J.: 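This is the structure I have questions about; it appears just below.
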Number of protein chains: 2
Amino acid sequence: MNPSAPDTAIEIGLAAAVVTVERSNPQILVARTDETGSVEVPSGRFDPLAHRTLEIGLRDFVAAQTGLGLGYVEQLYTFGDRGRAAGEADMPRVVSIGYLALTRIDGQAKTLPPEARFRPWYGFFPWEDWRGGRPRILDTIQPLLDEWAADVVAERADSERRALSRAARVRLSFGIDGAPWDEEKVLDRYELLYEAGLIVEALHDVRPAALARDKLPALGEPMAYDHRRILATAMGRLRAKLKYRPVVFELLPPTFTLTTLQSTVEAISGRHVHKQNFRRLVENGALVEPTGEQTTTRGRPAALFRFRRDVLQERPAPGLRLGTRG
Amino acid sequence: MNPSAPDTAIEIGLAAAVVTVERSNPQILVARTDETGSVEVPSGRFDPLAHRTLEIGLRDFVAAQTGLGLGYVEQLYTFGDRGRAAGEADMPRVVSIGYLALTRIDGQAKTLPPEARFRPWYGFFPWEDWRGGRPRILDTIQPLLDEWAADVVAERADSERRALSRAARVRLSFGIDGAPWDEEKVLDRYELLYEAGLIVEALHDVRPAALARDKLPALGEPMAYDHRRILATAMGRLRAKLKYRPVVFELLPPTFTLTTLQSTVEAISGRHVHKQNFRRLVENGALVEPTGEQTTTRGRPAALFRFRRDVLQERPAPGLRLGTRG
DNA sequence: GTAATAGTGTCTTTCAGACAGTATGAC
DNA sequence: GTCATACTGTCTGAAAGACACTATTAC
């Protein structure tokens with residue numbers, strides 16, 4: 001019933017996008033830097049003898065490479081395309097499973113091994129941070145994407161496979177010409193830039209479209225292998241999940257002010273949210289409860305809150321339904 | 001940096017949950033029946049030499065085993081837990097990647113090979129069909145789950161790992177004691193029944209909890225390997241996706257009546273939806289447009305509609321936001 | 001007419017989005 | 001008092017949810 005045993009070895013790579021937020025800045029855990037200067041996230045080859053489940057394997061790799069114990073972990077996607085794992089023709093085929101993990105920064109950052117550190121997420125995806133308005137870098141990106149979309153010869157070739165034209169995909173992913181910016185489409189945008197050959201990682205892959213290396217604009221810091229793709233998947237998923245699961249609290253200390261909560265949400269979603277509406281949502285939604293304590297920073301002291309664990313038992317999908325306007 | 005090469009072979013299994021809806025009944029494509037009488041969905045071992053991508057491999061398996069060409073395909077999840085792939089200790093470890101595919105039934109069903117056929121989805125998950133009110137089988141399931149939840153000794157052991165108690169999980173997944181029924185939690189429910197040892201497939205796995213085989217209630221038809229788990233994942237995803245992507249149309253012919261559209265949605269989500277609100281959503285949401293044609297069945301003729309492909313370019317997440325009440 | 005199915009019209013409640021203010025502390 | 005930050009009250013308009021009614025065909 002099944003074909004005969006394949007004679008190419010298959011390896012399963014596990015990779016973790018470990019996210020935290022430090023003072024309004026999303027950070028991603030990198031485990032090391034390779035010879036070419038590209039950073040790698042914690043990752044390794046799955047060994048069924050050593051690891052009872054995939055997730056256990058992943059946790060082990062993160063612990064071994066960075067010393068960090070993970071809390072929340074979620075599988076994202078399994079990538080298997082040849083040519084995108086930086087492998088040569090006769091090397092074993094690597095299928096990589098990406099994970100999202102959330103952690104609090106606490107004191108842990110201090111105890112990281114020398115190679116490992118947390119790096120700002122938006123350094124890898126500068127076009128994703130709209131907190132200060134439309135990011136400048138889009139002025140560089142847009143004309144290049146338009147040029148790619150206008151390449152009619154190539155367009156005809158791939159239009160058979162795809163329902164949407166290149167131009168339409170650019171418009172929708174990047175929210176131009178009246179299309180709204182959808183902060184969840186992180187992966188779509190990355191893949192589009194990749195296909196258009198504007199991403200350094202694509203150089204060895206999408207030959208015809210790619211610009212020469214020295215003509216490539218600097219579109220965020222590259223990563224090794226397909227790690228930046230996994231990161232894009234992670235952020236897209238996290239941005240989506242924020243809205244229907246109480247995942248933000250995995251990133252916050254046990255007690256926090258509403259302002260901290262809000263700016264953490266803004267940090268991840270990359271956009272401002274409306275302050276009054278946000279507070280109303282959080283309090284009416286009974287997601288948090290006051291501890292009675294207050295902070296003492298400069299300015300008016302803020303009330304401290306904690307996550308109300310009970311919501312999990314009350315409502316089916318408790319999250320922070322964010323509006324579209326800040 | 002990585003551990004040395006593992007000496008256990010790894011295999012990647014691909015399996016497809018191919019869904020269609022025939023006259024208000026969701027169907028699932030089974031490719032064959034094994035020696036013990038369990039059915040299997042189209043599946044096979046991924047061979048990197050033969051298949052450029054995972055998805056191409058999957059499409060090939062479905063085509064080879066059932067003759068069906070797939071349209072919409074989506075990756076679901078990668079399962080890797082030992083003991084749940086029905087493998088013995090020294091057999092290669094199988095990691096299985098589940099896919100959801102949607103297809104129209106058309107004439108294709110007629111041309112299926114003898115072993116393959118479409119089978120009603122709710123035959124495998126009888127507790128998921130609430131279109132006729134609360135399914136009777138829950139009267140059998142509930143006391144058994146309650147008993148399992150009341151097993152305090154076992155509870156203590158796993159409460160360290162889990163945030164929610166067994167009782168709370170039962171309550172939330174199955175919507176009892178005032179908790180609402182969430183039709184998307186298909187996998188949660190299946191996993192709970194599995195853990196409680198009430199599912200035939202669990203017999204070789206969760207020893208202590210399991211009832212003796214002959215005392216097991218008939219909780220839906222079993223499947224080979226982890227195929228029923230993949231099915232549960234598929235239906236959960238499909239039920240969720242219905243609400244924010246225009247996926248129903250993949251299951252319908254090019255033109256259809258609003259009643260057909262509604263009953264297809266109801267078939268998948270397993271609950272009734274409010275007729276007027278549904279029509280308002282569909283028409284105001286500009287998801288469909290009238291063709292001008294009409295049907296001639298008995299009763300008043302119905303106007304025919306087609307999917308408005310343009311919505312894909314207009315709105316970020318066009319779907320059929322269903323209410324909670326029918 | 002009756003059975004069968006298709007297709008309104010409109011009220012109420014909820015909630016997202018927006019406005020512009022007031023409160024409390026450190027210095 | 002000034003600066004800085006925290007917090008609140010209330011209007012508006014769009015949808016979700018629910019009500020019951022009318023329309024068009026076959027027989």
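These figures come from a predicted structure and were not determined experimentally. Protein chains get the first letters and strands the later ones, always in sequence-line order, with residue 1 at the start of each.
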J.: What are the two closest heavy atoms between B:D182 and B:R189, and how far apart are they?
T.: O-NH1, 3.0 Å
J.: Between B:L261 (CG) and C:dA6 (C1'), how many Å, whole number?
T.: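 Rounded to whole Å, this separation is 14 Å.
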J.: For A:F124, which residues count as a ring-ring contact (aromatic ring centres under 6.0 Å, His included) partner, sequence neighbours excluded?
T.: none
J.: Is B:R119 atom CZ crowded by more than 12 heavy atoms from other residues, nucleotides or ligands, each under 6.0 Å away?
T.: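 Correct, the count exceeds 12.
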J.: Tell me if the side-chain of A:R280 makes a donor-acceptor pair with the base of D:dG9, cut-off 3.5 Å, by modelled atom types.
T.: no
J.: Just checking A:T257: base, sugar-phosphate only, or nothing, at a heavy-atom cut-off of under 4.0 Å?
T.: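 Nothing: the residue A:T257, judged by heavy atoms under 4.0 Å, touches no strand.
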J.: Parallel, tilted or perpendicular: which fits the ring planes of A:F125 and A:Y190, with parallel below 30° and perpendicular above 60°?
T.: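 Because their plane-to-plane angle is over 60°, the rings of A:F125 and A:Y190 count as perpendicular.
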J.: Quick check: does any side chain N or O of A:R104 sit under 3.5 Å from a backbone N or O of A:L252, one acting as donor and the other as acceptor?
T.: yes
J.: Give the rounded distance in Å between these two atoms: CZ of B:F305 and P of C:dA6.
T.: 12 Å
J.: Using whole Å, report how far CD of B:E293 lies from C1' of C:dA6.
T.: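 Distance check: B:E293 CD to C:dA6 C1' gives 17 Å.
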J.: Does this structure show an ion pair linking A:E128 with A:R239, if we count only N-O contacts that are shorter than 4.0 Å?
T.: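 Salt bridge: yes.
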J.: Go through the steps to decide whether B:E250 and B:R245 satisfy the test salt bridge (charged side-chain N to carboxylate O under 4.0 Å, His left out), and finish with yes or no.
T.: CA-CA 11 Å; B:E250 305 281 343; B:R245 286 277 123 165; over 6 Å; no
J.: Could you tell me the separation between the CZ atom of B:F278 and the P atom of D:dA18, rounded to a whole number of Å?
T.: 16 Å
J.: Could you give the CZ-to-C1' distance, from B:R279 to D:dA16, as a whole number of Å?
T.: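 Interatomic distance, CZ of B:R279 to C1' of D:dA16: 18 Å.
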J.: Grab the NZ-P distance between B:K275 and D:dG17 for me, whole Å please.
T.: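 It works out to 18 Å between those atoms.
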J.: Would you give a per-nucleotide map of nucleotides 22-27 of chain C, 5' to 3', where B means the base has a protein non-hydrogen atom under 4.0 Å away, S means only the sugar-phosphate does, and - means neither?
T.: -BBS--
J.: On DNA chain D, nearest-nucleotide positions of A:L304 versus A:N277: which is more 5'?
T.: A:L304
J.: Measure the distance from CD on A:Q276 to C1' on C:dG17 and round it to the nearest whole Å.
T.: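 Nearest whole value for this atom pair: 10 Å.
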J.: When you measure from the side chain of B:H274, which nucleotide among D:dC7, D:dC19, C:dG7 comes out closest?
T.: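 My answer, after comparing the listed nucleotides, is D:dC19.
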